[in-house]
Amino acid sequence: MSFQPENLYVESAATGYPVTKSIIEKLGFIDPVIVDSVKDVPQNRGHQSLVLAEQKADFYKNCPGTHNYICCGYRILNLVNNCEIGCTYCVLQGYLESPHIVVYVNKDDMFDELERLLKSHPDHQFRIGTGELADSLSTDHLTEYSRELVRFFADKRNAIIELKTKTVQIDNFLNEDHGGRTVVSWSLNTPRMIATEESHAPGLEARLSAARECEKKGFKIGFHFDPMIYYPEWENDYHETVDKIFEYIKPDSIIWISLGALRYPPHLDQIIRENHPESKIVYGELFPGIDGKMRYFKAIRIDMFRKMHAWLKSHDRDLFIYLCMSSSEIWQKSFGWSPENSGGLKKIMDRLILH
């Protein structure tokens, strides 16, 4: 089910943009309320509200990696803030000040910013994604940003765009000429965890079916098992989920697969309990890690990563699998090797996008 807001707010500075006019037309059944600023939007209406705003800061940012853990050197585009899917573990519920979905409508400024960046660093490889502060595609039926992003990156030799999603909203860009410069990625989990912790998102097979449609059009595919959640039946369920991937997708279509175990800042524990009282994830064996985030015991994480790595490699030994926000020790004990540091991982992943 596509996101359909109950309320629409428009910053006065955003009223003249074509994206604003297009979205208002699509949501013709809602009377937009003009406000001076996002801060003037009532804070008690949750994710039913959509706010159209002008991005006044830079669109492009470095991924906020964590000290002492290996980061892949990812870059992010901040086109949309927040997500209506409402997964129980989502860090956005404790990170963003506003509960609303905010769409930034001055997209031409974003493309100008990107053009300057890529031209000024022609020898640098950029892996850029839009799925850090929002699902890349959950509002795409309203914005149609994916189509323009795919077109923009199609002829860029020093950058790729990754569209990371839990949705099946691929129609806007599916037939675009992508030049091999767009990776379409799905966040995956076991059917049991999708039903209990991601209940407003499409199921596993629906996501894989969408991935197969993108594969047919020549898009490179990515998968992200992040967060992996530890529960009594995890081993059987994740093993079956891995096998299910390869019923739909050819291994050589997959550019990368990431693994990451459940982790969150301590203050999110109470927020999850309040927002999702039915969730059991906060009752796991979680303790503060060296970055202060709540994490599973090291032995649990290593066991989960090692087994996932083996199951995935059993389908194709050449699959590239990496850990998100883990130490070199965890890499070594889980995979039998380590990129040693963030720079090492970045070099490996940069080489992947040159092919």
Side-chain angles (χ1 to χ4, degrees), residues 63 65 70-77 83 85 125-138 140 146 149-150 153-154 156 159-170 173-174 176 178-189 194 198 201-202 204-228 238 241-260 305 308-309 311-313 315-316 318-326 335 339 345-355:
C63 181
I70 295 175
C71 179
C72 71
Y74 201 56
R75 317 299 175 93
I76 60 176
L77 282 180
C83 177
I85 296 175
Q125 291 298 317
F126 293 88
R127 286 173 288 107
I128 302 172
T130 60
E132 182 71 18
L133 297 180
D135 183 288
S136 291
L137 300 176
S138 70
D140 202 60
S146 68
L149 286 166
V150 170
F153 280 90
K156 303 298 184 290
I160 60 100
I161 184 71
E162 182 177 24
L163 303 175
K164 188 186 299 183
T165 189
K166 289 187 178 80
T167 77
V168 296
Q169 296 200 142
I170 59 175
F173 65 86
L174 191 59
E176 292 294 330
H178 53 81
R181 309 310 293 171
T182 295
V183 177
V184 193
S185 295
W186 273 266
S187 176
L188 299 183
N189 225 306
I194 290 172
E198 305 174 357
L204 175 64
E205 295 201 34
R207 298 182 207 182
L208 292 175
S209 293
R212 182 165 58 190
E213 292 306 306
C214 289
E215 179 192 41
K216 291 177 182 176
K217 297 293 186 177
F219 289 94
K220 281 295 183 183
I221 305 299
F223 292 115
H224 301 282
F225 284 92
D226 194 358
M228 292 183 65
Y238 278 100
T241 300
V242 166
D243 289 343
K244 182 65 69 174
I245 289 173
F246 299 97
E247 293 178 17
Y248 285 81
I249 305 297
K250 299 181 184 72
D252 60 5
S253 297
I254 300 172
I255 189 170
W256 50 56
I257 298 175
S258 74
L259 307 179
F305 297 154
M308 282 289 285
H309 185 265
W311 298 330
L312 288 161
K313 287 287 189 176
H315 288 274
D316 190 314
D318 293 327
L319 284 170
F320 180 71
I321 305 163
Y322 69 99
L323 293 174
C324 186
M325 291 296 112
S326 286
F335 292 180
L345 179 57
K346 183 181 184 304
K347 287 180 181 178
I348 295 169
M349 297 190 71
D350 285 351
R351 285 197 294 269
L352 291 175
I353 67 174
L354 289 173
H355 294 165

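For the single chain, residues carry numbers from 1 onward in sequence order.
- Partners of Ala134 by side-chain contact (heavy atoms from CB on, under 4.5 Å), not counting sequence neighbours, listed by chain and number: Val80.
- Looking at Ile353 and Met349, their side chains never come closer than 4.5 Å, going by heavy atoms from C-beta outward.
- Looking only at side-chain heavy atoms (C-beta outward), Phe223 and Leu208 come within less than 4.5 Å of each other.
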Determine whether Leu319 and Ile254 satisfy the following criterion, side-chain contact (heavy atoms from CB on, under 4.5 Å), listing intermediate values before the conclusion. CA-CA 7 Å; Leu319 284 170; Ile254 300 172; 4.1 Å; yes
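- In this structure Lys166 satisfies the side chain to side chain donor-acceptor pair (under 3.5 Å) test together with Tyr89, sequence neighbours excluded.
- Between Thr182 and Ile160, every side-chain heavy-atom pair lies at or beyond the 4.5 Å cut-off.
- Heavy atoms only, all atoms of each residue included: Tyr248 and Ser209 are closest at CE2-OG, 3.4 Å.
- Listed by chain and residue number, nothing satisfies the side chain to side chain donor-acceptor pair (under 3.5 Å) test with Asp316 (two or more places apart in sequence, or in another chain).
- When all heavy atoms of Pro339 and Ile348 are compared, the pair lying nearest together is CB-CD1, 4.3 Å.
- Taking the side chain as every heavy atom from C-beta outward, Gln125 and Arg351 never approach each other to under 4.5 Å.
- Applying the salt bridge (Lys or Arg N to Asp or Glu O under 4.0 Å) rule to Glu198 yields the partners Arg207; only residues at least two apart in sequence or on another chain are considered.
- For Lys156, the salt bridge (Lys or Arg N to Asp or Glu O under 4.0 Å) test picks out no residue, with sequence neighbours left out.
- Among residues two or more places apart in sequence or in another chain, the side chain to side chain donor-acceptor pair (under 3.5 Å) test is passed with Glu215 by Ser253.
- For Asn189 against Ile194, the heavy-atom pair with the smallest separation is O-CD1, 3.5 Å.
- Applying the side-chain contact (heavy atoms from CB on, under 4.5 Å) criterion to Ala206, with sequence neighbours excluded, gives Val168, Pro202.
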Pair Leu323, Ile70 - check side-chain contact (heavy atoms from CB on, under 4.5 Å), show working. CA-CA 8 Å; Leu323 293 174; Ile70 295 175; over 6 Å; no
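- Residues Asp243 and Ile245 fail the side-chain proximity criterion, which asks for heavy atoms closer than 4.5 Å.
- For the ring-ring contact (aromatic ring centres under 6.0 Å, His included) test, residues two or more places apart in sequence or in another chain that qualify with Phe219 are Phe173, His178.
- Taking 4.5 Å as the limit, every side-chain heavy atom of Asp226 sits out of range of all side-chain heavy atoms of Leu259.
- If you take CZ on Phe335 and NE2 on His309, they are separated by 5.0 Å, rounding to the nearest 0.5 Å.
- Under the 3.5 Å distance criterion, with hydrogens and angles disregarded, a donor-acceptor pair is assigned to the side chains of Ser136 and Thr130.
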Would you check, one step at a time, whether the test side-chain contact (heavy atoms from CB on, under 4.5 Å) holds for Leu345 with Cys71? CA-CA 7 Å; Leu345 179 57; Cys71 179; over 6 Å; no
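- Looking only at side-chain heavy atoms (C-beta outward), Ile161 and Arg181 stay at 4.5 Å or farther from each other.
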Step by step, would you call Cys324 with Tyr74 a side-chain contact (heavy atoms from CB on, under 4.5 Å)? CA-CA 11 Å; Cys324 186; Tyr74 201 56; over 6 Å; no
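- In terms of heavy-atom proximity, Pro227 sits nearest to Tyr238 at O-OH, 4.0 Å.
- Rounding to the nearest 0.5 Å places CG of Leu137 at 9.0 Å from CD1 of Ile170.
- A salt bridge (charged side-chain N to carboxylate O under 4.0 Å, His left out) check over residues 246-255, counting only residues at least two apart or in different chains, returns the pairs Lys244-Glu247.
- Partners of Glu132 according to the side-chain contact (heavy atoms from CB on, under 4.5 Å) rule, which considers only residues two or more places apart in sequence or in another chain, are Cys63, Pro64, Ile76.
- Under the side chain to side chain donor-acceptor pair (under 3.5 Å) criterion, Asp140 pairs with Ser146, Asn172, sequence neighbours left out.
- One finds the CZ atom of Phe225 at 13.5 Å from the CH2 atom of Trp186 (value rounded to the nearest 0.5 Å).
- Qualifying side-chain contact (heavy atoms from CB on, under 4.5 Å) partners for His224, counting only residues two or more places apart in sequence or in other chains: Glu162, Lys164, Ser185, Trp256, Ser258, Tyr322.
- Counting all heavy atoms, side chain and backbone alike, Asp318 lies closest to Lys313 at C-NZ, 4.2 Å.
- No side-chain heavy atom of Ile257 sits under 4.5 Å from any side-chain heavy atom of Phe320.
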